[in-house]
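Worksheet: the structure to be examined is printed underneath.
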Amino acid sequence: MADDSDVETPSECSMDNPNGSSYELAYQDDGPSCRKRMKLKDDKLCGVCGDKALGYNFNAITCESCKAFFRRNALKDKKVKCLFQGDCAIDVRTRRFCPYCRLKKCFDIGMKSDMILDDKERKARMEKVAENRIKRQVTQQHTIVKDEPIDPDFEASAVGSSNIYSPPTPSMEGPSSSDIPCSKSEYITFDKINVPVDSSDLPSDETMYRQLSENEQTLVTEVGIAYQTTVGSMHNSSAALQEDNYHSVNDLINHSEVAVRRLIKFVKRLEDFRRLSQEDQISSLKGAVLSTLLLRSASFYIVERDSWLTTKGEVSTVILKKATGFVELHDSHIKYCRALKTIMKNDFSLFGLALIIVIFNPDGPNVKDHQLLSDIQDKYLVLLKHYLESVFSFTYAKEYLVAITQKLNELKGISDGHAKVLLQVNPLEIEPLMLEVLNLK
DNA sequence: CTAGCCTTGACG
DNA sequence: CGTCAAGGCTAG
C-alpha cells in the first residue's frame, strides 16, 4: 500500500466523497468541443497496472483484465513463485510477465478474494438467471395467441409438418384412426382395455359419432398445431442422439434442453395458460417437464421396430439403455411408449391435449391456485372426451378415454422414476436452464 | 491464459 | 432507469 490516496473502499467514496476532480478531468480532456463523449467517464486508473479502469472490482479500482486475472487466480493456491525478487513492477505492459507479483499487487491494493463467488454462490446466481429467463420467455409475448406461428423455428416447419409422419403412419388430424400395419387381431388389449385398432372396426353409423361444436373443433385443431410445431417437432439436436453421443445421463438431460424450450413455446400458445399467475405458470411448467419429455419420446416411438424416429432416421432404443444403465427404468419407459403410441398413434391433437392435461395439474408441486388449475384441466378433459367421441364413436370413446387417462396417471410414476435418477446427477455438469427447470438445485 | 465485451441482478 | 460489480464467453 504505497499510496493509500488512490484506493478507497466503495462505501467511503460513494457516500461522502463527491470527488469532483474526475468531472473536471473529463471535460478538460475533451475540451468544449467534446463530441457527446459517452457519460462523463472519469478516467479511473487500475490500481494494479495503471490501465484504464471502469470502477471497483473485488474492492479495488482495476481494469477489466486485472479483474479477470484476479478472479481466475486469487482462489487457487499457487506453487509458482516470482522468478526475481518478488517486487516486479506491474504496468499495462509488463503485467503479464509475472503472475506472482501481479497477484501480490492485487492483494496489496486491497482486492479481496472472498468477494469472488464460490461454487455455491455462483450456482445460486446462475439459477436466478435461468429462472428469470424462463419467466421472461413465458411472460413476454403480449402477442396474440396465433400470430407468432410464422416461424417457430424453421426446422419445425421444415421437418415437422411433412415427413414426421411418413414412416409408420401418415395422418394427423381428424380421424387419427390411421393404421398401424400391425395387427392380426382387431383389438389391441392391455390392462383390460380393449379398443379397436383398425378404423374399419369402428361403427359406420354417422350418428354414433359426436359432432364437435365449432369452438371445440377449432380448439382441438389449434392444440394439434401448437403441439406439432413445438413439442412434437423434431429438431436437429436429436441428430446428436445418433451414434454414441449419449454417454451419460448428463448428456441426456442437456440434450433435452431444446425440448424444454419447445414446451415453453407450446404453453405460450395457450390462452388458458395465461390465466395462471406467474408463479403458477412456472410451477406447472416445472412440474410438467419430465412428463413432456416422456410424452414426446412416446410420440417419436416406432412400435413396429422398437426405435425412435429422428431427423437422421431411426435409432434403436437400446442406445438409451446403454447410455443410462438404468435398465429397469428404461424398460418401463419403453413399455410406456409402446402403450401410449399404440393408443394415440400420430394424432398431434391427442398428444397436445394429453400434454395440456398434464400441465394443468391441480395437484402439481407448488401450485397455488388449485381451483383454477383444476377448472382448466376439466375443460380439456371434457374436450378430450368429446374429441374421442368424434373420432372413435360413442361406443369406444370411453375405452380410449380410460386408457389415455390411465396412461397419463402412470406418467407420474415414470417421471418420478426418472426424477430419482436425476438426483444422482452432478448439478455442476448440468446446464443452468435444465437445473432450474428440473429443480435440481 | 489474457483481456475485452457482454449479460445480469442488486441498489438507489 | 442508470450505475455498479459479479460472472460468462471467446478471439487471440
Side-chain angles (χ1 to χ4, degrees), chain A residues 6-23 25-26 36-83 88-107 109-140 254 257 261 264 278-279 282 426-437 441:
Chain A
D6 57 340
V7 179
E8 299 164 300
T9 73
S11 51
E12 277 174 305
C13 75
S14 60
M15 287 316 276
D16 51 34
N17 184 5
N19 204 352
S21 59
S22 52
Y23 279 26
L25 283 174
K36 49 173 169 97
R37 192 88 196 112
M38 55 185 303
K39 306 272 172 59
L40 296 170
K41 225 22 184 186
D42 35 359
D43 27 20
K44 303 188 182 77
L45 295 183
C46 173
V48 178
C49 69
D51 201 353
K52 211 157 170 332
L54 292 178
Y56 281 85
N57 290 303
F58 309 107
N59 199 51
I61 294 179
T62 73
C63 62
E64 278 286 294
S65 62
C66 287
K67 162 192 165 189
F69 172 83
F70 188 75
R71 189 175 55 227
R72 284 194 304 268
N73 299 286
L75 289 180
K76 53 186 176 192
D77 35 25
K78 40 161 54 14
K79 15 179 76 205
V80 201
K81 278 234 138 195
C82 174
L83 295 173
C88 303
I90 305 293
D91 64 32
V92 59
R93 209 82 238 174
T94 64
R95 65 191 179 197
R96 75 167 76 86
F97 296 167
C98 181
Y100 176 86
C101 289
R102 188 184 188 182
L103 185 58
K104 180 174 181 299
K105 190 162 181 191
C106 285
F107 283 116
I109 69 165
M111 294 181 80
K112 291 183 173 9
S113 57
D114 60 354
M115 291 179 71
I116 300 172
L117 274 42
D118 61 34
D119 277 2
K120 187 141 185 149
E121 298 168 307
R122 196 159 33 95
K123 199 164 72 96
R125 188 178 188 271
M126 294 299 290
E127 275 163 16
K128 191 159 291 176
V129 170
E131 169 126 28
N132 284 338
R133 278 230 176 92
I134 296 175
K135 210 173 282 182
R136 228 171 276 140
Q137 283 185 69
V138 172
T139 310
Q140 134 218 131
N254 288 331
E257 192 170 330
R261 297 229 157 79
I264 293 174
Q278 197 165 100
E279 297 132 296
I282 304 292
N426 178 0
L428 293 178
E429 295 173 28
I430 303 299
E431 305 283 333
L433 174 61
M434 295 305 287
L435 265 187
E436 173 60 37
V437 96
K441 327 188 182 189

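Chain naming here is simple, since letters A, B, ... match the order of the sequence lines and numbering starts at 1 in each. Fair warning: this is a prediction, and the values are worked out from it, not measured in the lab.
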Nearest whole angstrom, please: distance from the [atom2] of [N] to the [atom1] of [X].
| X | N | atom1 | atom2 | result |
| --- | --- | --- | --- | --- |
| A:Glu121 | B:dA10 | CD | P | 13 Å |
| A:Asn59 | C:dA6 | CG | P | 8 Å |
| A:Lys123 | C:dA6 | NZ | C1' | 18 Å |
| A:Phe97 | B:dT2 | CZ | C1' | 13 Å |
| A:Glu131 | B:dG9 | CD | C1' | 13 Å |

Task: Any A:Arg71 side-chain heavy atom under 4.5 Å of A:Lys67 side chain - done: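 The answer is yes, as the side chains (C-beta and beyond) meet within the 4.5 Å cut-off.
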Open item on the list: Can you confirm whether A:Asn57 sits close enough to A:Cys66 that some side-chain heavy atom of one is under 4.5 Å from a side-chain heavy atom of the other?
Closed with: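 No, every pair of side-chain atoms sits at 4.5 Å or beyond.
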- [ ] Please determine, for the side chain of A:Tyr56, which listed nucleotide (C:dA5, B:dT8, B:dA3) has the closest atom?
- [x]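 Nearest nucleotide to the side chain: C:dA5.
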Task: Minimum-distance nucleotide to A:Asn57 side chain [options: B:dG4, B:dT7, C:dA5] - done: C:dA5
TODO: Please state whether the phosphate of B:dT8, meaning OP1 or OP2, lies under 4.0 angstrom from any side-chain nitrogen or oxygen of A:Asn132.
DONE: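 Indeed not, no polar side-chain atom of A:Asn132 lies that close.
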Open item on the list: With a 4.0 Å limit, can you tell me whether A:Arg96 has a side-chain N or O closer than that to the phosphate oxygens OP1/OP2 of B:dA3?
Closed with: yes
Open item on the list: Between A:Lys123 and A:Glu127, does any NZ, NE, NH1 or NH2 come within less than 4.0 Å of an OD or OE carboxylate oxygen?
Closed with: yes
Open item on the list: Using only atom types and a distance under 3.5 Å, with no angle test, would you say the side chain of A:Lys44 pairs donor to acceptor with the backbone of A:Gly55?
Closed with: no
Open item on the list: Keeping A:Thr94 on the side-chain end and A:Ala89 on the backbone end, is there a donor-acceptor pair under 3.5 Å?
Closed with: yes
Open item on the list: How would you summarise protein contacts on nucleotides 7-12 of chain C per nucleotide, using B for base, S for sugar-phosphate only and - for none, with heavy-atom distances below 4.0 Å?
Closed with: BB----
Task: Interatomic distance, A:Asn59 atom CG to A:Phe70 atom CZ [nearest 0.5 angstrom] - done: 9.0 Å
